Amino acid sequence: VQLQAFGGGSVQAGDFLRLSCVASGRTFSDFSTGWFRQAPGKEREIVAAISRNGVTTWYTDSVKGRFTISRDNAANTVYLQTSSLKPEDTAVYYCAATYSNTVTPRGCSFWGQGTLVTVSS
């Protein structure tokens, strides 16, 4: 599956962005998907994940209550709605997909190209 992420930008602290990741090439509902981010000088970390049918979601502690992951399998798209953005959320955000039930950096075989989110104070 090919993934294309977009929606990043430069915003002020407290603002919001909606990231989208559009899939093509394979049946999107076959994949668990997730959003990862990588800040300068840091390792890539998982931000949120969602099951194939969208029922089960998971968030890293630092974004709980601020970010929401969702998907529309009919539109082959996974979203990351962000809110109350903080400077520490600044990173390149990647979407990824895996046939596995578990979304991990090493387990995802398919990656989007990344979209930059910059949050200034």
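Predicted, not measured: the structure shown is a model, and the values here were computed from it.
- W35 is not connected to V22 by any chain of hydrophobic side-chain contacts under 4.5 Å among Ile, Leu, Val, Met, Phe, Trp and Tyr, and they are in different clusters.
- When every heavy atom of V103 is checked against every heavy atom of S32, the shortest pair comes out as CG2-CB, 3.7 Å.
- Side-chain atoms of T27 do not come within 3.5 Å of backbone N or O of D30 as any donor-acceptor pair.
- In this structure a side-chain-to-backbone donor-acceptor pair under 3.5 Å is missing from T57 to I50.
- By the disulfide bond (SG atoms under 2.5 Å apart) test, C108 pairs with no residue at all, sequence neighbours left out.
- Sequence neighbours left out, not one pair with a member in residues 74-83 passes side-chain hydrogen bond (donor to acceptor under 3.5 Å, both in side chains).
- L116 and V119 fall into different hydrophobic clusters, where Ile, Leu, Val, Met, Phe, Trp and Tyr side chains are chained together by heavy-atom contacts under 4.5 Å.
- Residues V11 and V63 are members of one and the same hydrophobic cluster, defined by side-chain heavy-atom contacts under 4.5 angstrom among Ile, Leu, Val, Met, Phe, Trp and Tyr.
- Across A48 and L80, no two heavy atoms sit closer than the pair CB-CD1, 4.1 Å.
- Contact annotation: the side chain of T33 approaches that of F28 to within less than 4.5 Å [non-hydrogen atoms, C-beta and beyond].
- Side-chain contact check for I46 versus W58: some heavy-atom pair is nearer than 4.5 Å.
- Using a 4.5 Å heavy-atom cutoff, the side chains of C95 and F36 are not in contact.
- The heavy-atom pair separating N73 from S29 by the smallest distance is ND2-CB, 3.5 Å.
- Legend: residues meeting side chain to side chain contact (heavy atoms under 4.5 Å, CB included) with Q2, ordered by chain and number and at least two apart, are S24.
- Between the T56 side chain and the S51 main chain, no donor and acceptor come within less than 3.5 Å of each other.
- Closest non-hydrogen pair, V117 versus G8, comes out as CG2-CA, 4.1 Å.
- Counting heavy atoms from C-beta outward, F67 and L85 have side chains that approach closer than 4.5 Å.
- The shortest heavy-atom contact between S70 and V78 is O-CG2, 3.2 Å.
- For residues 108-121, the set of pairs meeting the side-chain hydrogen bond (donor to acceptor under 3.5 Å, both in side chains) definition, not counting sequence neighbours, comprises Q12-S120.
- For Y99, the ring pair (Phe, Tyr, Trp, His ring centres under 6.0 Å) criterion is met by F31, not counting sequence neighbours.
- Cluster annotation: Y93 and L3 are assigned to distinct hydrophobic clusters (Ile/Leu/Val/Met/Phe/Trp/Tyr, side-chain heavy-atom contacts under 4.5 Å, transitive).
- Applying the salt bridge (Lys or Arg N to Asp or Glu O under 4.0 Å) test to every pair with at least one member in residues 70-89, sequence neighbours left out, gives these pairs: R37-D89, R66-D89.
- The main-chain N or O of I69 is found under 3.5 Å from a side-chain atom of Y59 such that the two form a donor-acceptor pair.
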